[in-house]
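To start, the structure under review is shown below, and the notes come after it.
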Protein chains: 2
Amino acid sequence: MTRILVVEDNADLAYGLRNNLEIEGYQVDVAEDGPEGMAKARRNPPDVMILDLMLPGADGFRVLKTLRDEGAGFPVLILTARGEETDKVRGLKLGADDYVTKPFGVLELLARVEALLRRAHPGGNGTKESREVFRFGEVEVDTATRTVTKAGREVTLAPKEYDLLLALFKRQGAVASRIDLMTQVWGYSAAVLSRTVDTHIAELRRKLENGSPEPKHILTVRKIGYRLQS
Amino acid sequence: MTRILVVEDNADLAYGLRNNLEIEGYQVDVAEDGPEGMAKARRNPPDVMILDLMLPGADGFRVLKTLRDEGAGFPVLILTARGEETDKVRGLKLGADDYVTKPFGVLELLARVEALLRRAHPGGNGTKESREVFRFGEVEVDTATRTVTKAGREVTLAPKEYDLLLALFKRQGAVASRIDLMTQVWGYSAAVLSRTVDTHIAELRRKLENGSPEPKHILTVRKIGYRLQS
DNA sequence: CGCCGTTTGTCAGGAACCTGTCAACCGGGG
DNA sequence: CCCCGGTTGACAGGTTCCTGACAAACGGCG
């Protein structure tokens, strides 16, 4: 089984990540600071390491550099704060393989992790199985290119909109509560009493259902949430 | 076996929860206040924790925060009073995974618990086995989509109507008293002197039995309540 | 068989609730 | 500086819920 080491001091975030990664079938280990992260990585090298650059004690840079100097070869995905351009650069120079800026959607992170794994283990059937196309009505979604078309014509979705659509699809038609959608698309500890989910749903309907007052595919389930009807 | 820890100071409610959860096949442990809840959660981490936010002594918030800070990863479902909007937000921000507002129907709670377990233990066949369909006469109920069809044609039920139908179904044909239905669907244990249950039954009959004066499936048991005949 | 108290069915109105929609705001990036 | 995506709260419209009053049905009993 694929193992992922998350080095993240924020307990909430770490919890959310573990949750979502485990749902995807990964075995997850969490370290709360730099030293612990290094120790765990040495004792039992993971397939992928997710590393927050802002850590108490030894910071993420040092962890990364030290491990690479020791010859650790697993791919490392770093988490940076928004706008810390230099962090990304420095991280990549020190041997990180990719980066995600906070705050980020879980689906985005998962996509990156999968990409890293595919790169690292090209032996299997890497790129092939990840090219998945699904459709409903006259809408077609290509997960490889993150492209959506309606009746053959391309529709541009904002990142959150795309992620939300994907989250709905993953339910295979079953209802998804707002909280489920929140944790899947937005990640951790999201307050669900705002109209955030609904607003994005409305946008999806506008773009994919002609804004019809009676959507045929993106359906409301009163008191619960939404579901996608193929 | 799946273990659930209920932290609830109201003895009646705690007893009711234990009862219902045990019927569903869970192993239940109850703590009557915050400290006891924390102790039990530490000694023996449950698969799901149900936590009342209004507790004597250390309140639920502190319990939740402390456990999360210690790295506890099990899903937590919080119980909040109606209208305490801020409680929900705070709870979710502290790492709760879902919330239910009091008063709540047992069925609703059970559904939430199952959802949490499904998220946490994706090992099995997550979404698949939850797709359950039952039928009686020409009516078909799909619990995954919360969809009801009669003779192939979709019938839209209001949330309470759907819940009530589900409660009847779970009795497997045995009678359910009005009080039973009340506590299962509405969460009130109060004596039933209003026509609430009857009204909803009438609506179900109208939608699913053509409003016939002689229902064939949703039957009245005089002096007791109702039962569902497949 | 008819009476009577009790139980259930039905109905309608208003309260409470939920979702769709919008406009304002915020922060980042060009 | 403006634009864009994302988020939020306010608001409106519609739905759903609940309740109490009344009618109908039932069952026991004289």
Side-chain angles (χ1 to χ4, degrees), chain A residues 80-85 87-88 101-105 107-108 156-165 175-179 181-182 185-187 189-207 209-215 218-227, chain B residues 82-83 85-86 88-89 92-93 101 103-105 108 146 156-165 175-179 181-182 185-188 190-207 209 211-215 218-227:
Chain A
T80 78
R82 184 184 293 279
E84 295 299 326
E85 199 66 10
D87 279 12
K88 297 174 197 167
T101 58
K102 296 196 267 191
F104 51 86
L107 289 182
E108 184 184 351
T156 49
L157 296 188
K160 279 280 186 314
E161 288 160 20
Y162 178 86
D163 288 347
L164 179 57
L165 183 59
V175 282
S177 75
R178 288 186 177 72
I179 287 207
L181 294 172
M182 268 283 172
V185 177
W186 280 263
S189 74
V192 192
L193 17 87
S194 68
R195 311 242 84 350
T196 303
V197 174
D198 306 63
T199 304
H200 286 270
I201 288 280
E203 193 61 28
L204 280 180
R205 297 217 253 234
R206 207 167 300 140
K207 290 182 177 172
E209 304 242 38
N210 303 317
S212 139
E214 287 181 12
I218 302 172
L219 306 178
T220 301
V221 181
R222 200 150 223 270
K223 263 281 270 189
I224 310 286
Y226 300 92
R227 71 190 176 88
Chain B
R82 180 184 296 277
E85 202 73 352
T86 48
K88 298 175 198 166
V89 185
L92 291 170
K93 285 207 170 142
T101 58
F104 52 86
E108 186 183 349
R146 260 180 104 90
T156 49
L157 296 187
K160 277 280 180 328
E161 289 160 19
Y162 179 87
D163 289 346
L164 178 57
L165 182 58
V175 282
S177 75
R178 287 186 179 70
I179 291 194
L181 294 172
M182 267 286 174
V185 178
W186 280 264
Y188 306 149
V192 186
L193 21 78
S194 71
R195 313 252 102 271
T196 303
V197 173
D198 308 64
T199 305
H200 286 269
I201 288 281
E203 193 61 27
L204 279 181
R205 297 217 253 235
R206 203 167 304 140
K207 289 181 176 174
E209 304 243 38
S212 139
E214 287 183 12
I218 302 172
L219 307 178
T220 301
V221 181
R222 192 147 229 271
K223 288 265 293 178
I224 311 286
Y226 300 93
R227 72 190 180 87

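Being a predicted model, the structure only gives us computed values, none of them experimental. So that the names make sense, note that chain A is the first sequence line, chain B the second, and so on, each numbered from 1.
- In this entry the distance linking CE of M182(A) with C1' of dT8(D) reads 11 Å, nearest Å.
- Atom CD of E214(A) and atom P of dG14(D) are 13 Å apart (whole Å).
- The number of heavy atoms from other shown groups lying within 6.0 Å of NZ (K223(A)) does not exceed 12.
- Using modelled atom types, one side-chain atom of R205(A) and one backbone atom of I218(A) make a donor-acceptor pair closer than 3.5 Å.
- In this structure, of dC17(D), dC11(C), dT21(C), it is dC17(D) that holds the atom nearest to the side chain of K160(B).
- Across all strands, P159(B) comes closer than 4.0 Å only to sugar-phosphate atoms, never to a base (heavy-atom distances).
- Minimum atom distance to the side chain of R195(B) is reached by dT8(C), of the listed dC22(C), dC11(C), dT8(C).
- OP1 or OP2 of dT7(D) lies within a sub-4.0 Å distance of a side-chain N or O belonging to H200(A).
- Without hydrogens or angle criteria, R227(A) side chain to V221(A) main chain gives no donor-acceptor distance under 3.5 Å.
- L157(B) places its CG atom 10 Å from the P atom of dC17(D), with the value rounded to the nearest Å.
- Between K160(A) and E203(A), no side-chain nitrogen of the basic residue sits less than 4.0 Å from a carboxylate oxygen of the acidic one, so the salt-bridge criterion is not met.
- Residue contacts shown for Y226(B) are limited to sugar-phosphate atoms, with no base heavy atom under 4.0 Å away.
- Rounded to an integer number of Å, the gap from CG of D198(A) to C1' of dG13(D) is 15 Å.
- The CD1 atom of I179(B) sits 15 Å away from the C1' atom of dT7(C) (whole-angstrom rounding).
- In the set dC11(C), dC17(D), dT19(D), the nucleotide with an atom closest to the side chain of T196(B) is dT19(D).
- What separates CD of E203(A) from P of dG6(D) is a distance of 9 Å, to the nearest Å.
- Taking 4.0 angstrom as the limit, W186(A) places a side-chain polar atom (N or O) nearer than this to OP1 or OP2 of dT7(D).
- Put simply, the side chain of T220(A) never gets that close to the backbone of R222(A): no donor and acceptor are under 3.5 Å apart.
- Taking the side chain of R205(A) as heavy atoms from C-beta on, and the options dT8(D), dG20(C), dC17(D), the nearest nucleotide is dG20(C).
- Remark: C1' of dC22(C) and CD1 of I201(A) are 17 Å apart, rounded to the nearest angstrom.
- If you measure from atom CD of E209(B) to atom P of dT10(C), you get 12 Å, rounded to the nearest angstrom.
- Taking 4.0 angstrom as the limit, R206(B) places none of its side-chain polar atoms (N or O) nearer than this to OP1 or OP2 of dG9(C).
- Candidate nucleotides dT19(D), dT8(C), dC17(D) were compared by shortest atom distance to the side chain of T199(B), and dT19(D) ranks first.
- Out of dG6(D), dC17(D), dG14(D), the shortest distance to the side chain of R222(A) is found at dG14(D).
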